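Beneath this line is the structure, given in structure tokens, with notes to follow.
Hydrogens, waters and symmetry mates play no part in the numbers below; they use all other heavy atoms, side chains included. Each chain gets a letter, A, B and so on, in the order the sequences are listed, and its residues count up from 1. If you're wondering where the values come from, they're calculated on a predicted model, not measured in any experiment.
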Amino acid sequence: MKKAVQHIITPPLTEESCMRLMAGDSVLIRGSIYTARDAAHQRMVQCLERGEPLPVSLDGQIIYYAGPSPAKPGHIVGSIGPTTAGRMDAYAPALIEAGLKGMIGKGSRSGTVTDAMRKHHAVYLGAIGGAAVLLAKCILEVQIEAYEDLGPEAVRRLVVHDFPAVVINDCHGNDLYRSGRKNHLRSIRHA
Amino acid sequence: MKQIHVRDISGAVKNLCIEANTCLGEDVLNRLRECRDRESSAIGRQVLSQIVRNADMARDEAMPMCQDTGVAVVFVELGQEVHIQGGNLTDAIQEGVSEGYRQGYLRKSMVRDPFDRVNTGDNTPAVIHLETVPGDLLRLTVAPKGGGSENMSTVVMLPPSAGLDGVREFVLNWVERAGANPCPPVIVGVGIGGNFEHCAYLAKKSLLRDIGDRHPDPFYAALEIQLLEAVNTLGIGPQGFGGDCTALEVFIETAPCHIASLPVAVNLQCHAARHRQAVL
Ligand code: SF4
């Protein structure tokens with residue numbers, strides 16, 4: 001197995017920058033990312049189906065599947081860890097086609113999504129589910145961009161610094177959930 | 001008769017909601033630390049260290065350890081010598097949840113209808129399990145349960161012929177299938193027996209036990225240990241990145257059942273294993 005490396009990535013991502021990311025690599029994200037979950041995805045895909053522009057351009061962007069807890073007074077955001085990505089599988093291919101290059105969540109993706117990722121050179125990153133205070137500390141700015149009525153599910157633009165994630169699915173067809181487990185079992189058998 | 005005012009019940013529930021979501025139990029934290037120190041996968045160790053660090057930060061800053069502050073599940077043991085004053089018990093609990101989620105800046109995740117999906121705005125209604133017991137105490141346990149791990153839970157009605165092996169296989173396959181979705185390391189709550197709805201309740205209730213608390217029956221205690229070892233040979237590891245620590249614990253609760261049935265429920269609980277208790 002190739003040794004995992006650490007990358008610093010700054011959206012917007014290009015095809016080339018995505019191609020360098022391999023399953024198992026860790027990344028630190030610097031710059032803007034957008035939050036969106038179930039309801040916002042549904043609206044964005046409806047937008048595309050009607051041929052309307054999206055409320056934010058997703059060209060080269062990263063969507064973080066997350067809905068924060070409310071910010072306490074004096075804070076810009078509450079706790080904010082990833083939610084289960086599989087719920088967005090029905091919508092993700094359309095957004096990838098619309099230019100989306102990265103997704104951050106937890107849990108496995110469907111074949112349709114990973115096929116779209118291969119075709120359009122996008123990546124799926126995992127953040128630690130439940131590490132929501134730690135991740136909140138990487139957020140410097142928060143701005144609601146669309147669908148404010150959705151509360152925690154609104155689309156927010158986050159400016160992040162060194163937001164940590166791990167590449168789960170790269171655009172070459174590798175999947176850390178499969179390879180990580182297989183390599184671990186092999187290593188303990190040989191230990 | 002002992003008199004307990006609804007105001008005191010609401011107040012207690014409010015505090016429990018906030019404490020449960022911000023302070024991970026020492027038992028869970030200690031097990032996480034042990035697993036971190038033992039973990040043979042480098043990325044697994046990293047994940048476990050961050051989970052521990054996150055829990056420490058959540059407690060120190062009084063922030064919810066996970067943004068999904070869950071459905072508020074409230075277990076109530078009501079002593080039959082207790083008289084509730086000033087209103088009714090259910091309303092008092094819902095009031096406490098509403099206040100706790102608002103004042104604690106906890107996320108409101110409840111929708112009023114499965115299809116129109118309009119948020120109720122205060123995380124009510126809580127799911128309440130009420131049991132009457134002898135005595136004059138009122139015991140309240142608040143156990144917020146996140147959607148990610150709850151979605152990876154199940155009930156099956158096995159034929160009695162499936163036996164112990166059938167149950168073991170079912171639980172293992174289920175944890176394997178859940179993979180990274182329930183935020184491993186998980187706690188595996190298993191309900192065996194009862195009927196369709198009762199075994200699900202047993203699985204959930206088992207999650208209230210402290211880490212390391214074994215089933216009082218040595219047979220089931222041994223089965224818990226055996227299943228935990230088996231789950232931890234799956235290799236799923238912390239967050240599903242590969243590693244030794246897939247589960248922190250396996251708890252089993254059982255009940256008598258029908259001659260024709262062997263109901264089994266698996267309720268997966270993520271590492272944000274939150275529950276807090278108060279006795280009035
Ligand atoms: S499964 Fe648990 S740790 Fe993971 S996001 Fe849900 S509540 Fe948080």
Using distance alone, with no hydrogens and no angle criterion, decide if [X] and [Y] have a side-chain donor and acceptor under 3.5 Å apart.
X        : Y        : answer
A/Asn169 : A/Thr114 : no
B/Thr124 : B/Asp122 : yes
B/Ser149 : B/Gln269 : no

Could you look at [X] and say if it's the side chain, the backbone, both or neither that has a heavy atom under 4.5 Å from chain B?
X        : value
A/Ser108 : both
A/Lys182 : neither
A/Ala71  : backbone
A/Ala23  : neither
A/Pro152 : side chain

Looking only at atom types and distance, does a side-chain atom of [X] sit under 3.5 Å from a main-chain N or O of [Y], one as donor and one as acceptor?
X        : Y        : value
A/Tyr64  : A/Arg157 : no
B/Asp210 : B/Asp213 : no
A/Asn174 : A/Asp170 : no

Less than 4.5 Å to any heavy atom of chain A: does that hold for the side chain of [X], its backbone, both, or neither?
X        : answer
B/Gln103 : neither
B/Thr246 : neither
B/Ile43  : side chain
B/Ala58  : both
B/Ala55  : neither
B/Ile51  : side chain
B/Thr69  : neither

Salt bridge check: are [X] and [Y] linked by an N-O gap of less than 4.0 Å?
X        : Y        : answer
B/Asp56  : B/Arg53  : no
B/Glu19  : B/Lys14  : no
A/Glu153 : B/Arg117 : no

Fill in: Positive for side chain to side chain contact (heavy atoms under 4.5 Å, CB included) with A/Ile63, one of A/Ile33, A/Leu95, A/Thr35
A/Leu95
Largest heavy-atom contact set with chain B, pairs under 4.5 Å, which of [options]:
options                              : result
A/Pro82, A/Gly78, A/Gly129           : A/Gly129
A/Ile128, A/Ile168, A/Leu150         : A/Ile128
A/Gly180, A/Gly130, A/Gly67          : A/Gly130
A/Leu135, A/Thr83, A/Ile80           : A/Ile80
A/Lys106, A/His75, A/Arg178, A/Arg87 : A/Lys106

Quick check for you: among [options], which has the greatest number of heavy-atom pairs under 4.5 Å with chain A?
options                              : result
B/Lys108, B/Met152, B/Met57          : B/Met57
B/Gly179, B/Gly235, B/Gly121         : B/Gly235
B/Met65, B/His271, B/Gln50, B/Gln239 : B/Gln239

Worksheet item: With a 6.0 Å cut-off on ring centres, are B/Phe75 and B/His275 close enough?
Response: no
Item to complete: For B/Val188 and B/Asn267, run side-chain contact (heavy atoms from CB on, under 4.5 Å): C-alpha distance rounded to whole Å, both residues' side-chain angles, the deciding distance at 0.1 Å, then the answer.
Response: CA-CA 6 Å; B/Val188 186; B/Asn267 195 195; over 6 Å; no
